[in-house]
Every structure is written in structure tokens, then in C-alpha cells.
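Written out below as C-alpha cells is the structure these notes cover.
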There are 2 protein chains.
Amino acid sequence: MSLPHAILTALLEKPSSGLELTRRFDKSIGFFWSATHQQIYRELGRLERAGHIRALPSAAPTRGGRKAYEVLPAGRAELAAWTAARDEPRPLRDALPVRLRAAAVVGTEGLAEELTRHLELHRRRLADYRAIAARDFPEGPDVPGDARTRLHHVVLDGGVRMETFWIEWLSEALEAVRLIEAGDQDSPADPGPV
Amino acid sequence: MSLPHAILTALLEKPSSGLELTRRFDKSIGFFWSATHQQIYRELGRLERAGHIRALPSAAPTRGGRKAYEVLPAGRAELAAWTAARDEPRPLRDALPVRLRAAAVVGTEGLAEELTRHLELHRRRLADYRAIAARDFPEGPDVPGDARTRLHHVVLDGGVRMETFWIEWLSEALEAVRLIEAGDQDSPADPGPV
DNA sequence: CATCGTTGTGCAACTAGTTGCACAACGCCT
DNA sequence: AGGCGTTGTGCAACTAGTTGCACAACGATG
């Protein structure tokens, strides 16, 4: 139940139309809470009906015309309540570990390639994050000033840490898979003298 | 689309009834692909209809009676195909970073408490993983023997790394929030002489 | 032996997220 | 002026995951 809140946050940072939101989701909030444009439009409709946001008066009311939204006090209150509320972490659901366990039963065929591919994806994403960090926080990690900047920095750093985690783990997994596949023709678990 | 495959993996490791699967999900595969008993029962039905698994003949056919399932060759083939297939990582969706950004706009009230709580959750989970590691891989991380053991070790180590990531990041976030809240009465971004 | 809690299986209804398509408006281009 | 690609908005239908409840079977217990 966080998409509406992610949208409220984005709109508070800057009032936007559906497409602008979609774009910004693709390169900032969406790193941590991804959403397609369909989800966003639907949610904008709901939020408007709920009185949490409203279309800026300047916006054209016709279909196909762009509409920009801004957050109303009720929306801000809702967001503040959500931020302070107790909320359990959502259950983890990631396919790769499952695939490794499946491979332990049905064989590692094709896995190394996939691991390599994912590794590359995460490397790329880490590079993106670092680029953003260099642009937005050129001072480096220390004393970034006001509260807002600090918090944004922490969030971005979360992204960096997360990708680093993936890269390390995928490397470990890849190494294990390669060892196993080398051992298949060679010797099962005894590679060399002592 | 991985729940059926997680179930196939679990069933290959050991034929089980719905409830047994649910239990095992709660303490092993489910760490990485969580599922409720409802999802599992529904999926067992689908897998049976698809000819990927079958109820063990010994099982009682009545409602309420326990039924154990085993994987058929078609199911194993399907699992092998999935393991080798190309599959994109699923989009990330985590509420905490979003909440931090929301807090950057509406204030950090209540956040420190939540961060502390989550930190504690992840610490506990890390301890669980370490306990499992101590039980299942008492030799330590090196040369764990056959392919199966190696892969299981890699998966578990993924859990350990993941929780470690959370703990580190949450600590950083918590520190930032506390600094900000201290600064609220104090000085905004200049704590001390020099 | 009745009823009561526990274990195990399952349906139904709901919420969230995805995919595919429709179509208006706008700016070009010729 | 007619057609053509791009931008922006949106509906509809589907898949995945969640929640709440129903109910059979089994064993304990007054």
C-alpha cells in the first residue's frame, strides 16, 4: 500500500502530470518503488477522488490533454501519518536464490550465463547510482548540509549498498557454479593434490 | 511466475503435503520466495492439473485428509527449463527508502522508532541464518563438499549478506535521522566550533 | 458420547501489479 | 489538406498475492 504515498512524495517535491511522474519514477523514487504509467494514472485518479490531490486549475480538462496535479493538505497529512506509522517489511521474493536451489537438484545448466548477465545489470545500475551521487552530492559523503539533502543522500546510498550486495553475492554464486561445472568432468570435490 | 518452481524444488528435495510445504517455506525456501498456505494449495492444484506433480497413491482422497505430492518427469523438465531460462530481476519495491524521502518533505516524526524496529527485525533474522549455517555447514565456509551442499551454502550466504546490508544501511539511516532531530532544537548543520 | 481445540485442506472475494491496446492532441512534412 | 510519428492519457482484461472464512478429521477431556 505504498504507491499512493510514493506519488504524494513525488508530487510534493514537484507538482507534475502523469507522464512527468512516470519519468521521474524511472529515475529516482522508482529505483525503490517501481511503477508503470498505468499504475500511476490509476492511482492519480484515486488520489483525486479521495481529495488528496487536485489537478492544477491551469490544466486542460479534455482527454489527451496534460494535467498536472498538486498535493492538498489532506494528502500531506495522509503522507505524514504513513511515514510515522508502523509497517512491516514486505516478504522477500527473489527468483535467483530459488533458481540456485533448483539447480542443486536439476543441474546448473545455463545458470552461469544468467548469473553473469545479472551481475552485469547490477554493475550498470551501481554505476548509475554513483553518477547520480557525483552529480547531486559532489562534496562527498560527509556533512551534506540540510535535513532534506542528508535524507536523500541516505536513500541513494542505500541503492549503492544494495547493488554492492548483489554484485558481491552474484560473484560468489558464479564462482561456486563454475567450480561445480569444472568438477563435473574432473573430480567431484577434490581438485588437486593436498 | 516462480512460485510453482519454488514448490517443485521443495517437492524434489522431499515429497510433502500442503502443510508440510507451508512449514518448510516458513523456514527455508520461503526466506527468498515467501508464500502463504493458500497460494501453495492453489498452486499444488494447478501443478497437479498440469501433470507436473501427482498425489502419492497412499494419500487419502477425502477433503481434510492429508495428501502428499511428488514431482513427475514433466515437472522436473519444467523446472530445469526455468532454471536455465533468461529471467529479468523483478522490480524492487521497498517502502523504507520511500518513507525516508517522504520524511524529507513532511518531517521525520516517528521514523527513528520504525528504523530501530526494522533494525531489530533484521538482526534477529541474521541470527537465525547464522544458526542455520552453524547447524548445516559446521565446517565453516570453505570446501563444503558436493555440488548440492555448495549451492545451498551460497544461497544461505546470500541471506546473511542481505541482512548484513540491511543492518548497515538502517544504522546509517538511523544515525542521519537522529542527527537531524538533534539539530532541530540545536543548530541546523553546524554542530560545534571550527 | 458430546463438544472442543488443533491440524490440515480449501473456496471466495479482494487488492496490487502487469500487459495490451485505444485514442486524443500536436507538430511536422510534403 | 491529408497523412505520419510522437507524446500523453486512459480503459479493460489478466495474473499474482492476500485475507477471511468454511469445514473435515482427529484426538483429548469432562
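Below, chain A is the first sequence line, B the second, and so on; all start at residue 1.
Distances shorter than 4.0 Å separate none of the side-chain N or O atoms of A:S17 from OP1 or OP2 on D:dG8. Between B:R23 and C:dG8 there is a side-chain polar atom (N or O) within less than 4.0 angstrom of OP1 or OP2. For A:Y41, no side-chain nitrogen or oxygen approaches OP1 or OP2 of D:dG10 to under 4.0 Å.
Between the side chain of A:H37 and the base of D:dG8, no donor-acceptor pair under 3.5 Å is found. In terms of polar N and O atoms assigned as donor or acceptor, the side chain of A:E20 never comes within less than 3.5 Å of the base of D:dG8 in a complementary pairing.
Screening B:R23, B:R24, B:E70 for a side chain to side chain donor-acceptor pair (under 3.5 Å) with B:S16, the sole residue that qualifies is B:R24.
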Could you go step by step and tell me if A:Y129 and A:F31 meet the ring pair (Phe, Tyr, Trp, His ring centres under 6.0 Å) rule?
CA-CA 10 Å; A:Y129 288 165; A:F31 289 146; 5.0 Å; yes

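For the atom pair CZ (A:R49) and CG (A:L44), the distance works out to 10.5 Å, reported to the nearest 0.5 Å.
If you find the closest nucleotide of DNA chain D to A:G18 and to B:Q38, the one lying nearer the 5' end belongs to A:G18. Judged by closest nucleotide on DNA chain C, B:L44 is the one of B:L44 and A:S34 placed further toward the 5' end.
Residues A:D128 and A:R124 are not paired through a salt bridge, judged by the lack of any N-O separation under 4.0 Å between the basic side chain and the carboxylate. A salt bridge does not link B:E163 to B:R123: none of the charged nitrogens lies less than 4.0 Å from a carboxylate oxygen. A salt bridge links A:R99 to A:E114: one of the charged nitrogens lies within less than 4.0 Å of a carboxylate oxygen. Taking 4.0 Å as the cut-off between side-chain N and carboxylate O, B:R46 and B:E43 count as a salt-bridged pair. A salt bridge does not link A:D146 with A:R150: every distance from a Lys NZ or Arg NE/NH1/NH2 to an Asp or Glu carboxylate oxygen is 4.0 Å or more.
Here the C1' atom of nucleotide C:dC26 and the CG atom of A:L19 are 14 Å apart, to the nearest Å.
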Without placing hydrogens or testing angles, list every side-chain donor-acceptor pair under 3.5 Å for residues 85-92 of chain A, not counting sequence neighbours.
unit_1: A:E88; atom_1: OE1; unit_2: B:R117; atom_2: NH1; d: 3.4
unit_1: A:E88; atom_1: OE2; unit_2: B:R117; atom_2: NH1; d: 3.0
unit_1: A:E88; atom_1: OE2; unit_2: B:R117; atom_2: NH2; d: 3.4

Look for any protein N or O under 3.5 Å of an N or O in nucleotides 14-17 of chain D and output each such pair with its distance, or none.
unit_1: D:dG17; atom_1: O3'; unit_2: A:R93; atom_2: NH1; d: 3.1
unit_1: D:dG17; atom_1: N7; unit_2: B:R42; atom_2: NH2; d: 3.4

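The overall bend of the helix from C:dC1-D:dG30 to C:dT30-D:dA1, read as the angle between its terminal helix axes built from five base pairs each, is 20° when rounded to 10 degrees.
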